[in-house]
Protein chains: 2
Amino acid sequence: MKVGIREVARAAGVSTATVSRALGRGPVSDALREQVAEAVRATGYRPNLSARRLRSQAAQTIGLIVADIRNPFFTAVSRAVEDAAFASGMRVILCNTDEDPAREAMYLRLMEEERVTGVIFAPTVATTATLGDEPLDYPVVLIDRAGPPGAHDSVILDNPTAGSALVDHLVAGGYRRIGGLFGSTSSTARERRAGYEAAMARHGLTPAVRAVPPNAAAAEAEIARWFAGPARPEALIASNGLILMGAVRAARALGLTIPGDLALAGFDNEPWTDLVEPGLTVIEQPVAEIGTQAMRLLFERIANPDQPIRKVVLSGRMVSRGSTLAR
Amino acid sequence: MKVGIREVARAAGVSTATVSRALGRGPVSDALREQVAEAVRATGYRPNLSARRLRSQAAQTIGLIVADIRNPFFTAVSRAVEDAAFASGMRVILCNTDEDPAREAMYLRLMEEERVTGVIFAPTVATTATLGDEPLDYPVVLIDRAGPPGAHDSVILDNPTAGSALVDHLVAGGYRRIGGLFGSTSSTARERRAGYEAAMARHGLTPAVRAVPPNAAAAEAEIARWFAGPARPEALIASNGLILMGAVRAARALGLTIPGDLALAGFDNEPWTDLVEPGLTVIEQPVAEIGTQAMRLLFERIANPDQPIRKVVLSGRMVSRGSTLAR
DNA sequence: GATTGCACTGAAAACGTTTTCACATCGATT
DNA sequence: AATCGATGTGAAAACGTTTTCAGTGCAATC
């Protein structure tokens, strides 16, 4: 038999309004509050969250839209987001887009139908361009990837600086022909590439970049093609953890020693990067911080919808390991 | 201005009932169906899913409760679950318990309040014991970890066989003093341990097991203690990917060569296990299959609540690599 | 002693849908 | 020609809460 607030009210000898107030925070006398608590216990009542959401017009739900939860970067961020959400009594709906703009659009629409409290979103460049066009009816915080300036709050890494830092590090180690392998779908990759190119120019070196879909297999294949040609780099910078993994695989497959034949540096200080031999030099991203800051921005935006757009830029930390040993 | 089904009905010149039917699958003439579609387009109507859920008593939501999404095993499973869910028009709420029975209980209750369609759950042993006590009002499919027999559908690995297989493999390679490092919170670890012990007995060897919290740091520390003592194993079996990683770190820290000083084998064929030198011998779990099978079981249970309890046991696949090279 | 204000309570409306029920309409069957 | 069943439609009820509105009682104030 189904027990609703009605049955609780009857059991406690009060009105449903009083039950609702006793359960939430409403002005109820201590005596009645205790009666209601007892009635809840006796009846085994569980509030129906759909009904609550409908009436109170507060979904208490946030959407988290990322490329692929299996990317450890997003995994870590999502964990932080979920912790923050549940701590505030909110649910999280997780969506994987596989970097597909059509799926991004679909999920953005779905979030509208869910009447979500807000969305945390890592968009592809394609979607980024159209993001400002028609306003969504929920606040959005962009993570990892920047949107058109001034349209949405965002929390991202200082990508240009990080990209430059890797170049500087490699140059200091005596490397000159430094190639770059960057993801083709995110603004993040573009910014890292810009930092790479700026640093290369500053050092009087000619950049050599290739863009790939951000996954290990694509990166590995691209490097194989690259090394089949004449202009082989002596060092390689990978714009994220998946591409970096592809690079390691490619080096193994080609029989290249690291860093002797090819120095390697990249992004994302994933656990395996110091387990391979030699360890990989990476820019570590403050993954948990990105998630919690995104939630903070979201909550503050909700509390104060008209405040100016904010952009939190976090610094990466370079972790220097054997893969970029000075030659 | 807010647009509900009411406004659409007015725009289309029909009743709200007709709009509802035209949007769902109800008997509506083609002419009106087109009128409604046009009105929806014109008004920019988006259905309110909370209202729909409340009225139709179908949450179209499934809960996924795991220890920690950052464990690559759960990451992969969750991705498969989410793909299957969204393909069926369902939402997924992801919950991390950190192996804490209190949080498990909390989330199980929360799922009740969400009136979820069903739950996919990887419980700790502590919760497993009490799972049958009070019936939940949604169907549950257990993954990775078995519950009390006959209480819930489940999809798990053939853990005893997998555990035995690793022992057999090591014994065939000439190893005798084979230690086992097993997680302390899951029935899975227990089953793998049982397989390990059975195989050891069969080979006339004395087992040496230690239980640890299932994370890399704890495993590493335990191995350090182990090797500080007198009875050092010459091979080690780790009951999951995190513990295996801890084992590798410990070996590195202790300056042990693999497999010379210590052979290593474990579970979960994560990408990094063949990037370390030497590659690690592991039992690969069909992670995506586990997720999709779980969803299938869930859907079939919903369609037919009274069918007998089912248990899908999947086989692991041994991937033999350098870490268990014959001595 | 009447009035004000505060703290609490219940009846009923509201949230935005789907579903039930009743009723037309119409072609096919008796 | 009357009846039936199938099909399409609208009015209104229902889903389970929260919130509004209108009190009620009681202590404090004038």
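First the proteins, then the strands, lettered A, B, ... as listed; each starts at 1.
Checked by distance alone, B:Arg55 brings a side-chain donor or acceptor within 3.5 Å of a matching partner on the base of C:dT18. Side-chain to base pairing of A:Arg21 with C:dG10: one donor and one acceptor N or O lie within less than 3.5 Å of each other.
Between B:Ser29 and D:dT9 there is a side-chain N or O to OP1 or OP2 distance below 4.0 Å. Between A:Gln57 and C:dA14 there is no side-chain N or O to OP1 or OP2 distance below 4.0 Å. Under 4.0 angstrom from either OP1 or OP2 of C:dG10 there lies at least one side-chain N or O belonging to A:Thr18. Proximity of B:Lys2 to the phosphate of C:dC15: no side-chain N or O atom is located under 4.0 Å from OP1 or OP2. Contact annotation: A:Ser56 does not reach the phosphate of D:dT18 (side-chain N/O to OP1 or OP2, under 4.0 Å).
A side-chain donor-acceptor contact under 3.5 Å links B:Arg33 to the backbone of B:Ala22. Remark: the backbone N or O of A:Asp98 is not paired with any side-chain donor or acceptor of A:Asp68 at under 3.5 angstrom. Remark: the backbone N or O of B:Ser50 is not paired with any side-chain donor or acceptor of A:Ser50 at under 3.5 angstrom.
Rounded to whole Å, the distance from CG on B:Leu49 to P on D:dG16 is 18 Å. One interatomic measurement links the two molecules: CZ of A:Arg52 to P of D:dT18, which rounds to 5 Å at whole-angstrom precision. When rounded to the nearest whole Å, the span between CD1 of A:Ile5 and C1' of D:dT17 equals 6 Å. If you take CD of A:Gln35 and C1' of C:dT9, they are 12 Å apart, rounded to a whole angstrom. In this structure, the CZ atom of A:Arg115 is 21 Å from the P atom of D:dT17, given to the nearest Å. The separation between B:Glu114 atom CD and D:dG16 atom P is 16 Å, rounded to whole Å. If you take CG of B:Leu54 and C1' of D:dA14, they are 9 Å apart, rounded to a whole angstrom. Taking atom CZ of residue A:Arg25 and atom C1' of nucleotide D:dT19, one finds them 13 Å apart after rounding to whole Å.
Within the nucleic acid shown, B:Arg46 comes within 4.0 Å of sugar-phosphate atoms alone, with no base atom in reach, counting heavy atoms only. In this structure, B:Leu32 reaches the sugar-phosphate backbone alone: every heavy-atom distance under 4.0 Å involves primed, P, OP1 or OP2 atoms, never a base.
Where A:Asp30 and A:Ala17 each meet DNA chain C at their nearest nucleotide, the meeting point lying more 5' is that of A:Asp30. Between B:Ser15 and A:Val3, the one whose closest nucleotide on DNA chain D sits nearer the 5' end is B:Ser15.
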Using the ring-ring contact (aromatic ring centres under 6.0 Å, His included) rule, take B:Phe86 and A:Tyr107 through it: C-alpha gap first, then chi angles, then the decisive distance, then the call.
-> CA-CA 10 Å; B:Phe86 279 110; A:Tyr107 284 130; 5.0 Å; yes
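A salt bridge links A:Glu38 and A:Arg41; the closest N-O separation between the charged side-chain nitrogens and carboxylate oxygens is under 4.0 Å.
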